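Read through the structure below, which is laid out as structure tokens, and then see the notes.
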Amino acid sequence: MLKIRLLLFIVLFCFAYAQARQPLIKVTGLITDDLKNPLPKVTVSIPGQSQIAVSDEKGAYNIYSTNTSFILKYSLLGYNAVFIEIKENKAGRIIQDVVLSGNINELEQVTITNKENQLSNASIINVTDVAAMPSVSGNFESVLKTLPGVSVNNELSSQYSVRGGNFDENLVYINDVEIGRPVLIRNGQQEGLSFINSDLLSSAKFSAGGFEARYDDKLSSVLDVRYDRPDSSQAILNLGFLGGAFSSKILNKQSYLLTGLRYKNNSNVLNSQDNKGSYAPNFTDAQLIYQYSFSEKFSLNVLGSFNSGSFKLVPESRETKFGTLNTLLRLQTAYSGEETDDYQSAGAAVTATYFPKPDLGIKWINSFFNTLERERIDIQGRYLLDELNNEQGHVPAKNKATGGYTNFAHNDLESQSFSSEIKADQHYNSHVFSLGLRFENKYYSDVLKEYSFIDSAGFTLPGDFKSFYQDNFISVNNSLAIQYYSAFIQDSYQISDHSDLQLGLRANYNSLSEQLLVSPRLLLAYRSPNNNKIFRFTAGVYQQAPDYRSIRDFNGVLNLRQQAQRSYNTSVGLDYAFDGLGTRLKFTSELYYKCQDRLIPYMMDNVRIKYLAAELAEGNTYGADFSIGGEFVKDLLSYFRISLMKANQNIAGDGRGYLKRPTDQRVNFSVYFQDRLMSSPTYKVHLNLLYGSKLPLGAPLIRQYSDDFSIPAYKRVDIGFSKDFLDDLVMKKPRFLEKYFSSFSAHLEVFNLLNINNTVSYLWLKDVNNVQYAIPNYLTGRQLNFKLIIKFKNSHR
């Protein structure tokens with residue numbers, strides 16, 4: 001035993017002596033920005049070692065290394081990280097000065113420096129978050145659901161509600177081209193790939209209200225996405241359990257080409273729902289962007305897109321347990337029949353850009369999109385509704401209802417949209433004058449045939465079942481063409497070094513309502529002298545002209561006399577950048593109020609918006625949005641937000657006064673947090689937490705709007721783990737991967753980590769005693785996903 005202790009002592013002594021004799025290198029220097037200004041609070045680290053230093057107010061730093069060969073990393077939020085390789089033969093002192101260049105995308109996230117952002121009342125989205133964020137849909141819109149003002153209640157859908165509005169009130173632009181969406185979608189599982197291809201993005205900004213006159217007239221929000229010239233040529237491959245994608249960016253001296261192919265099949269996720277059967281969802285998408293610069297003054301940009309989706313379901317059975325602590329119920333259903341839904345959307349846009357003078361830019365944008373949608377449903381179900389024994393949990397104690405139901409639909413919709421727009425921006429002294437003219441023609445051809453029937457053990461008799469269910473016996477053929485004419489003028493004026501004023505006026509006329517809509521808008525911004533605060537005030541009128549969606553009622557009948565919706569909006573906001581918790585943080589807040597004197601009321605059925613097209617309402621919406629974000633862990637952006645809101649409406653003539661709007665979700669809270677494992681910083685954790693309070697729901701089986709019921713609060717946690725085998729922090733990179741790829745990352749994701757049953761809608765049944773039951777339709781359960789994101793090296797550098 002003594003020999004063992006002596007041997008152990010010798011080994012430890014030798015190890016400690018060897019460590020003490022390791023060479024010690026001291027590195028000192030100054031860190032500055034591009035303008036030679038000193039940069040304080042820059043983190044200096046040595047990957048693979050524990051040494052970390054922070055620069056002082058003069059940008060000076062010093063750090064020690066126990067190795068003669070090592071890598072120095074310099075990082076500061078808002079600046080591109082710098083890596084410097086050091087190789088020395090012996091211990092000593094090294095002087096290493098460093099210049100950090102600003103990263104515009106990160107600066108806009110956490111500092112108050114960008115002039116355009118000051119006058120846009122928009123949030124700059126960190127597009128690098130999209131690939132790492134765990135999301136069951138895989139769509140770009142998942143990022144939006146973590147932003148202030150956006151409500152959440154469905155992880156399968158790319159639709160989103162902003163400050164009490166519905167999805168039809170949101171504007172989406174890609175390279176100045178307005179993008180539409182399918183009309184016949186009933187639920188999130190039918191939705192495939194959203195139009196936005198995240199791999200092709202160069203920038204994106206989102207405004208939850210108070211947006212400028214250059215954007216079209218809608219009531220709620222604007223998402224403005226750019227596919228611009230890349231910094232270099234690149235190819236990206238994305239493969240996972242839910243599908244795959246390949247994108248290519250080719251950069252030439254006078255041109256660039258972006259192409260993207262995507263495929264999605266989320267049958268594994270859909271099988272986690274209560275409805276069991278054969279799911280066959282197949283979604284594909286192809287996009288192309290090509291720009292050629294004929295000279296410094298003239299360029300031509302072409303955008304092409306084809307999006308196709310097919311959803312087929314052969315249901316077999318369903319078992320749903322629900323109820324209270326005292327009463328536990330179970331619905332069992334056996335199905336026959338099938339559902340097949342598909343759509344194809346194809347379109348193109350051509351944009352000519354001309355700069356006759358350096359301070360004058362002119363754009364001519366032309367686009368055409370054609371969408372075909374088809375819906376085929378022929379499903380019959382036989383069900384048992386039982387009350388279960390609470391002690392045993394699965395043994396029926398009493399049968400409540402036995403019956404069946406039929407859902408049938410044979411619907412076809414073709415929609416076409418052609419638009420032509422010319423816009424100009426003129427810089428003059430402290431002004432930027434903008435103006436534009438736009439024409440759009442929309443055409444719809446709609447064949448709608450559907451019915452449904454529920455029979456609860458003879459309670460519903462053949463002679464009177466037409467009044468039992470609100471969607472019975474619809475058979476219409478509609479065709480409609482609408483022309484829209486719009487114009488805007490806007491002046492962005494720099495009052496002083498710290499104050500800016502933006503005044504805009506938008507006019508709109510359409511052939512359907514034959515109204516001339518005039519919408520003035522104002523934005524006033526003040527930036528503090530030290531550039532860490534921005535105060536904003538916005539006011540404006542927003543008027544949404546009637547469209548095919550809003551004029552079609554439950555029975556498919558069109559209200560051709562419908563007038564535009566109108567809202568008077570105002571908001572006041574503060575952006576504040578400060579140092580705290582060891583990093584640079586950005587706090588944003590905004591208070592808003594909307595007074596709506598003309599609204600078209602509607603009901604929500606899953607994700608389908610059903611307008612009460614012949615009704616008219618007035619309403620008001622007010623609330624507050626708060627968020628805070630920063631690099632709590634270096635190089636990984638995290639943010640927290642909370643939104644509070646109340647949205648009411650009063651439908652004229654119904655005698656019920658003010659009721660909650662269908663989107664009246666009082667509280668929304670979200671967290672997107674990223675971290676590194678302490679023992680191995682190349683492993684990252686990405687946590688996405690969402691909470692949305694309960695949503696009002698109308699009484700079933702009637703056409704009159706009500707808010708008597710509610711859908712429970714939405715609660716969801718998704719988590720992802722990733723490792724980039726070619727990360728800068730990896731000391732020994734696999735040679736094969738390093739030779740062919742610039743990044744090779746693996747992602748393991750757990751969707752719905754807590755396996756919470758979130759309700760999206762209800763199936764309403766009655767028993768023979770005329771007691772009504774609401775059977776919840778749950779969203780997806782816990783599911784694992786794995787994906788690889790591979791970025792190829794540019795062989796043409």
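We use all heavy atoms of the structure for the numbers below, so side chains are in, but hydrogens, waters and symmetry mates are not. Fair warning: this is a prediction, and the values are worked out from it, not measured in the lab.
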### Query
Can a salt bridge be assigned to the pair D224 and R214 using a cut-off of 4.0 Å between side-chain N and carboxylate O?
no
### Message
If you define the side chain from C-beta out and look only at heavy atoms, does anything of Q291 sit under 4.5 Å from R229?
### Response
no
### Query
Between atom CD of Q490 and atom CG of L523, what is the distance when rounded to the nearest 0.5 Å?
9.5 Å
### Query
Is there a side-chain contact between I600 and I551 (heavy atoms, below 4.5 Å)?
no
### Within-4.5 Å side-chain heavy-atom neighbours: L223 and I196
yes
### Summary
CG (N620) and CD (Q649) are apart, to the nearest 0.5 Å, by 10.5 Å
### Query
Between R506 and D216, does a side-chain contact (heavy atoms from CB on, under 4.5 Å) hold up when you go through it step by step?
CA-CA 8 Å; R506 188 169 192 93; D216 206 354; 3.5 Å; yes
### Aromatic ring pairing Y290/Y292, orientation class (parallel under 30°, perpendicular over 60°, tilted between)
parallel
## Note on the structure
Note: V476 and N478 closest approach over all heavy atoms is CG2-ND2, 4.0 Å
### Task
For side-chain contact (heavy atoms from CB on, under 4.5 Å), just list the numbers for K264 and N139, CA-CA rounded to whole Å, side-chain angles, deciding distance to a tenth of an Å, and then say yes or no.
CA-CA 10 Å; K264 177 180 174 180; N139 289 326; 4.2 Å; yes
### Query
So, Y484 versus Y509, ring centres under 6.0 angstrom or not?
no
### Query
When you measure from the side chain of R661 to the backbone N and O of G165, does any donor-acceptor pair fall under 3.5 Å?
no
### Query
Can you tell me how far CG of L612 sits from CE of M603, rounded to the nearest 0.5 angstrom?
5.0 Å
### Query
Under 3.5 Å, is there a donor-acceptor pair between the Q287 and Y227 side chains?
yes
### Query
Do you see a donor-acceptor pair shorter than 3.5 Å between the side chains of S221 and N170?
yes
### Message
Test of understanding: with salt bridge (charged side-chain N to carboxylate O under 4.0 Å, His left out), list the residues that count as partners of R226, not counting sequence neighbours.
### Response
D176, D228
### Message
For a quick check under 3.5 Å, do N153 and E155 share a side-chain donor-acceptor pair by atom type?
### Response
no
### Task
Give a yes or no on whether the backbone of G164 and the side-chain of T663 come within a donor-acceptor separation of less than 3.5 Å.
yes
### Message
Apply side-chain contact (heavy atoms from CB on, under 4.5 Å) to residues L779 and N154 and explain how you reach the verdict.
### Response
CA-CA 7 Å; L779 288 162; N154 193 333; 3.4 Å; yes
### Query
Going by heavy atoms in the side chains, are L147 and I125 under 4.5 Å from each other?
yes
### Query
Do you know the tightest heavy-atom contact between G657 and N650?
O-OD1, 3.1 Å
### Task
Keeping the roles fixed (side chain from Q544, backbone from L219), state whether a donor-acceptor pair exists under 3.5 Å.
yes
### Message
Taking the side chain as everything from C-beta on, heavy atoms only, tell me whether D446 gets closer than 4.5 Å to R552.
### Response
yes
### Query
Under the ring-ring contact (aromatic ring centres under 6.0 Å, His included) criterion, do Y622 and Y592 qualify, and how do the steps go?
CA-CA 6 Å; Y622 54 90; Y592 61 90; 8.5 Å; no
### Task
Please answer whether the main-chain N or O of T538 pairs with a side-chain N or O of T570 as donor and acceptor at a distance below 3.5 Å.
yes
### Query
Okay, side chain of N366, backbone of S420: is any donor-acceptor separation there less than 3.5 Å?
no
### Query
Going by distance alone, is a donor N or O of one side chain under 3.5 Å from an acceptor N or O of the other, for S310 and N282?
no
### Query
Atom OH of Y263 and atom CG of D285: how far apart are they, to the nearest 0.5 Å?
13.5 Å
### Query
Can you name the nearest heavy-atom pair linking A481 to Q483, along with the distance?
CB-NE2, 4.0 Å
### Exam field: side chain Q562 to backbone A613, donor-acceptor pair closer than 3.5 Å
yes
### Query
Looking at side-chain heavy atoms only, is the closest gap between L505 and P520 below 4.5 Å?
yes
### Message
To check you understand the geometry: which heavy-atom pair defines the closest contact between A545 and N510, and what is its length?
### Response
CB-ND2, 3.6 Å
### Side chain E141, main chain S194, donor-acceptor under 3.5 Å
no
#### Entry: S419 and E178 side chains, donor-acceptor separation under 3.5 Å
no
### Query
Between the main-chain N or O of N121 and the side-chain N or O of S207, is there a donor-acceptor pair closer than 3.5 Å?
yes
### Query
Under 3.5 Å, is there a donor-acceptor pair between the S135 and S142 side chains?
yes
### Message
Parallel, tilted or perpendicular: which one describes the rings of Y279 and F311, with boundaries at 30° and 60°?
### Response
tilted
### Query
Are D547 and D168 close enough, and set up right, to give a side-chain contact (heavy atoms from CB on, under 4.5 Å), and what steps lead you there?
CA-CA 10 Å; D547 199 355; D168 290 345; over 6 Å; no
### Task
Measure the acute angle between the ring planes of Y215 and F211, then classify it against the limits of 30° and 60° as parallel, tilted or perpendicular.
perpendicular
### Message
Do E440 and S417 have side chains that approach each other closer than 4.5 Å (heavy atoms only, starting at C-beta)?
### Response
yes
### Query
Salt bridge check: are D217 and R521 linked by an N-O gap of less than 4.0 Å?
yes
#### Entry: Candidate pair D425 and S434, rule side-chain hydrogen bond (donor to acceptor under 3.5 Å, both in side chains), full reasoning
CA-CA 4 Å; D425 293 292; S434 305; 2.5 Å; yes
### T406-Q380 side chain donor-acceptor pair, cut-off 3.5 Å
no
### Query
Any Lys/Arg nitrogen of D412 or R376 sitting under 4.0 Å from an Asp/Glu carboxylate oxygen of the other?
yes
### Query
Ignoring hydrogens and geometry, is there a side-chain-to-backbone donor-acceptor pair from D654 to R656 under 3.5 Å?
yes
### Query
Looking just at side-chain N and O atoms, do N411 and E450 make a donor-acceptor pair shorter than 3.5 Å?
yes
### Query
What distance separates N175 CG from I365 CD1, expressed to the nearest 0.5 Å?
9.0 Å
### Message
On a heavy-atom basis, which atom in P662 and which in L695 lie closest, and how many Å separate them?
### Response
O-CD2, 3.5 Å
### Query
Rounded to the nearest 0.5 Å, what separation is found between the CD atom of Q159 and the OG atom of S151?
13.0 Å
### Task
Using a 4.5 Å cut-off on heavy atoms from C-beta on, say whether the side chain of I711 contacts that of M604.
no
### Query
Within the side chain of S247, is there an N or O that forms a donor-acceptor pair under 3.5 Å with the backbone of L200?
no
#### Entry: Heavy-atom pair of closest approach, residues P315 and I379
CG-CD1, 3.9 Å
### Message
Can you tell whether the side chains of K594 and E169 come within less than 4.0 Å, N to carboxylate O?
### Response
no
### Task
Kindly assign one of parallel, tilted or perpendicular to the pair F439 and Y485, based on the angle between their ring planes and the thresholds 30° and 60°.
tilted
### Query
Between the side chains of Q565 and Y542, does any donor sit under 3.5 Å from an acceptor?
no
### Message
The criterion is side-chain hydrogen bond (donor to acceptor under 3.5 Å, both in side chains); which residues satisfy it with Q344, sequence neighbours excluded?
### Response
none
### Query
Would N559 and Y611 count as having a side-chain donor-acceptor pair, cut-off 3.5 Å?
no
